[in-house]
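Worth knowing before you read on, the calculation uses all heavy atoms, side chains too, and leaves out hydrogens, waters and symmetry mates. Count residues from 1 along the sequence.
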Amino acid sequence: QVQLVESGGGLVQAGGSLRLSCAASGRDFSNSAMGWFRQAPGNEREFVATIRWSGTTYYADSVKGRFTISRDNAKNTVYLQMNSLKPEDTAVYFCAAYSQDTIFKVIRTTPRYYDYWGQGTQVTVSS
């Protein structure tokens, strides 16, 4: 059974930092792109960052320079380091895997391309 399990969310003051983790199990994701998305109440799920199988990263403009995505294939884990957090970063953060990354070789920022999803972890940034 394939599972993605996020952790590391919580409550933090504006300007603070959090590190999210996503532990994958059930298959090898080293050839998959791994992405982070977020969804605030009343909003659609939006792209945050992705890291391709090759290590190439891509960020939403709203988080560029503040967030860093990384992966440890030996641990089948992807991370999202979030610094200089703002109240508008408040959302449920989801980890996702795009299993066809090595086939199409395109950066995917749309949720519908991602095959596997975690259950989400809440991040709340107070002002």
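In this structure, Val63 is a member of the same hydrophobic cluster as Ile51, with clusters built from ILVMFWY side-chain heavy atoms closer than 4.5 Å.
Taking all atoms of both residues into account, the shortest heavy-atom contact from Gly8 to Leu18 is O-CD2, 3.8 Å. In plain terms, the two heavy atoms of Ser17 and Asn83 that are nearest each other are OG-OD1, 2.9 Å. Considering all non-hydrogen atoms of both residues, Ala49 and Tyr59 come closest at CB-CD2, 3.6 Å. Of all non-hydrogen atoms in Ala14 and Pro87, the two that sit nearest each other are CB-CD, 4.1 Å.
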Q.
side chain to side chain contact (heavy atoms under 4.5 Å, CB included) for Arg108 and Thr110? Distances and angles first, verdict last.
A. CA-CA 6 Å; Arg108 299 295 190 188; Thr110 307; over 6 Å; no
Q.
Is there a side chain to side chain contact (heavy atoms under 4.5 Å, CB included) between Tyr58 and Thr56? Walk through the geometry before answering.
A. CA-CA 7 Å; Tyr58 187 76; Thr56 300; 6.0 Å; no
Q: Quick one: do Leu20 and Tyr79 satisfy side chain to side chain contact (heavy atoms under 4.5 Å, CB included)? Show the steps, please.
A: CA-CA 6 Å; Leu20 304 184; Tyr79 306 97; over 6 Å; no
Q: For Tyr93 and Glu6, run side chain to side chain contact (heavy atoms under 4.5 Å, CB included): C-alpha distance rounded to whole Å, both residues' side-chain angles, the deciding distance at 0.1 Å, then the answer.
A: CA-CA 8 Å; Tyr93 283 71; Glu6 303 95 336; over 6 Å; no
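Under the 6.0 Å distance and 45° angle rule, Arg71 does not count as a cation-pi partner of Trp53. Note that Arg45 lies outside the cation-pi zone of Phe47, set by a 6.0 Å cut-off to the ring centre and a 45° limit from the axis.
Looking only at atom types and distance, the side chain of Ser99 has a donor-acceptor partner in the side chain of Asp115 under 3.5 Å away. Looking only at atom types and distance, the side chain of Tyr114 has no donor-acceptor partner in the side chain of Ser32 under 3.5 Å away.
Looking only at side-chain heavy atoms (C-beta outward), Met82 and Leu80 come within less than 4.5 Å of each other. With contacts defined as side-chain heavy-atom distances shorter than 4.5 Å, the pair Thr50/Trp36 does not qualify. Residues Val123 and Thr90 fail the side-chain proximity criterion, which asks for heavy atoms closer than 4.5 Å.
Taking CG of Leu4 as the start and OG of Ser25 as the end, the distance is 7.5 Å to the nearest 0.5 Å. Interatomic distance, OG of Ser30 versus CG of Asn76, reported as 7.5 Å (0.5 Å rounding). Here the SG atom belonging to Cys95 is positioned 4.0 Å from the CE atom belonging to Met34, to the nearest 0.5 angstrom.
Pairs passing the salt bridge (Lys or Arg N to Asp or Glu O under 4.0 Å) check and including a residue from residues 14-26, sequence neighbours excluded, do not occur. Sequence neighbours left out, the pairs with a member in residues 81-105 that pass salt bridge (Lys or Arg N to Asp or Glu O under 4.0 Å) are Arg38-Asp89, Arg52-Asp101, Arg66-Asp89.
Ring centroid separation for the pair Phe37 and Trp117 comes in under the 6.0 Å cut-off. Taking the six-membered ring where the residue is Trp, the centroids of Phe29 and Tyr116 are separated by under 6.0 Å.
Of the possible donor and acceptor atoms, none in the side chain of Gln100 sits under 3.5 Å from a partner among the backbone N and O of Phe104.
Between Tyr113 and Tyr98, the ring planes are perpendicular. Angles over 60° get that label, and only those under 30° would be called parallel.
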